[in-house]
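First the structure, in the form of structure tokens, and then the observations on it.
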Amino acid sequence: MHLQVLILPGDGIGTEVTCEAVRVLKHVAKVYGHELTLTEGLLGGVAIHKKGTPLPDETVKLALEADATLLGAVGLPEFDNVAPEKRPERGLLGIRKALGVYANLRPVRAYSALLNSSPLKNHLVEGTDMIIVRELTGGIYYGTPRGISGEGAETRAVNTMTYTRPEIERVARMAFTLARARRRKLASVDKSNVLENSQLWRKVVTEVAAEFPDVELEHILVDNCAMQLILNPRRFDIVLTENMFGDILSDEGAVLAGSIGMLPSASIGARKPNGAWVGLYEPVHGSAPDIAGQNKANPLGAIGSVAAMLEYSFGLKEEAAAVNNAIEKVLESGRVTADLKPAGPPASTTDVGQAVCSFIGGK
Ligand code: NAD
């Protein structure tokens with residue numbers, strides 16, 4: 001297979017973890033006999049420095065031409081106090097919009113070697129394996145009217161939570177499709193006891209469920225879901241939710257995995273004629289200025305994002321499983337970065353990337 005991938009290393013540890021993710025991608029391509037064409041683009045603070053904007057037109061063009069995009073992280077402290085439209089993070093929203101990716105997938109797995117890293121009791125977390133599917137382009141973050149008006153006691157702030165039927169249908173279909181390839185259980189999260197928006201969400205998800213009779217659907221209120229994620233995370237397989245609820249619940253999910261450096265994500269959208277998803281893949285963490293440039297960052301979230309890319313954008317399930325198995329073996333070997341609190345001296349970012357490749361092995 002010919003894989004054309006755009007690499008956007010970004011800022012801070014983004015460049016370091018991406019370097020290891022690319023090492024793993026190249027290794028997989030070599031071992032499994034795929035042709036790999038990599039292009040590199042600018043996004044975030046580095047793009048502001050070189051091109052005067054966080055998302056140069058050239059980067060959008062490259063992303064639209066590529067089969068998939070792999071992103072590191074963006075953000076530099078020197079931009080912390082500038083206007084939002086001039087910040088590196090604006091580039092992220094821009095590239096998601098340009099690619100039309102409307103669903104954010106966050107796999108949450110509790111690796112047995114990391115159970116002690118989770119602040120929760122081992123017996124609660126053990127065996128957790130879910131994907132949180134968050135709608136990414138609608139809901140209260142984008143709805144209008146919005147804004148703050150008036151003054152003093154008359155000051156009023158408004159945000160609008162809005163969804164259309166097609167917006168719910170497409171993300172629901174994607175989530176049900178994913179459930180089919182897993183344990184065939186889907187929990188749809190809403191607040192339908194209070195919000196009309198959630199009533200529409202529940203109605204449309206129920207209708208879409210009729211197309212997937214082999215998937216078990218459960219509706220769960222967001223407040224109960226927040227509690228169940230901590231009390232009994234194993235009960236979840238696919239968790240489907242709207243934008244703001246997903247934003248909050250997926251960070252709660254991150255706690256289950258032990259370190260933010262472990263978490264991959266995939267933002268996917270339309271299907272290509274060959275059935276593959278248009279996708280943007282990135283670790284969940286930011287550019288971590290506190291450890292940038294020190295070869296200390298955990299690259300496993302970025303490497304897990306490569307596994308997600310292989311599976312969703314290229315349909316290469318065996319290759320994706322090989323990467324995920326190698327991640328597990330690295331964790332079991334104890335050769336991990338400082339954030340995972342190894343018993344001995346911590347491994348470097350580069351060590352971990354090399355270890356993943358050696359556990360994938362040759363063929
Ligand atoms: P962060 O995720 O960068 O860091 C939070 C903490 O986690 C830090 O202590 C950091 O050292 C640690 N950490 C993060 N990733 C790690 C890894 N792979 N290995 C080991 N430790 C890791 O979040 P922040 O400090 O709030 O933000 C820093 C910058 O990143 C800001 O400019 C922010 O806007 C940006 N940011 C970008 C993204 C993105 O690009 N998707 C996401 C979040 C934050």
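For clarity, every value in this text was computed on a predicted model and none was experimentally measured. Ligands are counted one by one from 1 in listed order, and the atoms in each one are counted from 1 as well.
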Considering only distance and modelled atom types, tabulate donor-acceptor pairs under 3.5 Å from the side chains of residues 237-252, sequence neighbours left out.
residue : atom : partner : partner atom : Å
Asp237  : OD1  : Arg182  : NE           : 2.7
Asp237  : OD1  : Arg182  : NH2          : 2.9
Asp237  : OD2  : Arg183  : N            : 2.8
Asp237  : OD2  : Arg184  : N            : 3.2
Asp237  : OD2  : Lys185  : N            : 3.4
Glu242  : OE2  : Met244  : N            : 3.0
Glu242  : OE2  : Phe245  : N            : 2.7
Asn243  : OD1  : Arg134  : NE           : 2.9
Asn243  : OD1  : Arg134  : NH2          : 2.8
Asn243  : ND2  : Leu136  : O            : 3.4
Asn243  : ND2  : Gly138  : O            : 3.0
Asp247  : OD2  : Tyr141  : OH           : 2.8
Ser250  : OG   : Arg106  : NH1          : 3.3
Ser250  : OG   : Gly246  : O            : 2.7
Ser250  : OG   : Asp247  : O            : 3.3
Asp251  : OD1  : Arg106  : NH1          : 3.2

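- Remark: aromatic rings of His49 and Phe79 are close, center separation under 6.0 Å.
- A salt bridge links Glu20 with Arg23: the closest approach of a Lys/Arg side-chain nitrogen to an acidic carboxylate oxygen falls below 4.0 angstrom.
- Judged as a salt bridge (charged side-chain N to carboxylate O under 4.0 Å, His left out), the pairs with a partner in residues 189-199 (not counting sequence neighbours) are, in order, Asp190-Arg202, Lys191-Asp223.
- Looking at Glu328 and Arg109, a side-chain N of the basic residue comes within less than 4.0 Å of a carboxylate O on the acidic one, giving a salt bridge.
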May I have every N or O pair linking ligand 1 to the protein at under 3.5 Å, one per line with atom names and distance?
residue  : atom   : partner : partner atom : Å
ligand 1 : 2 (O)  : Gly286  : N            : 2.8
ligand 1 : 3 (O)  : Gly286  : N            : 3.4
ligand 1 : 3 (O)  : Ser287  : N            : 3.3
ligand 1 : 3 (O)  : Ala288  : N            : 2.8
ligand 1 : 9 (O)  : Asp290  : OD2          : 2.9
ligand 1 : 11 (O) : Asp290  : OD1          : 2.9
ligand 1 : 11 (O) : Asp290  : OD2          : 2.9
ligand 1 : 18 (N) : His285  : NE2          : 3.4
ligand 1 : 18 (N) : Asn298  : O            : 2.9
ligand 1 : 19 (N) : Asn298  : N            : 2.9
ligand 1 : 30 (O) : Ser287  : N            : 3.1
ligand 1 : 30 (O) : Ser287  : OG           : 3.2
ligand 1 : 32 (O) : Glu89   : OE2          : 2.9
ligand 1 : 34 (O) : Glu89   : OE2          : 2.3
ligand 1 : 40 (O) : Val74   : N            : 2.9

Residues 292-308 side chain polar contacts: donor-acceptor under 3.5 Å, at least two apart:
residue : atom : partner : partner atom : Å
Gln294  : OE1  : Lys296  : NZ           : 3.0
Gln294  : NE2  : Asp290  : O            : 3.3
Asn295  : OD1  : Thr349  : N            : 3.3
Asn295  : OD1  : Thr349  : OG1          : 3.4
Asn295  : OD1  : Thr350  : N            : 3.2
Asn295  : OD1  : Thr350  : OG1          : 2.9
Asn295  : ND2  : Thr350  : OG1          : 3.1
Asn298  : OD1  : Leu300  : N            : 2.9
Asn298  : ND2  : Asp339  : OD2          : 3.0
Ser305  : OG   : Glu282  : O            : 3.2
Ser305  : OG   : Gly301  : O            : 2.8

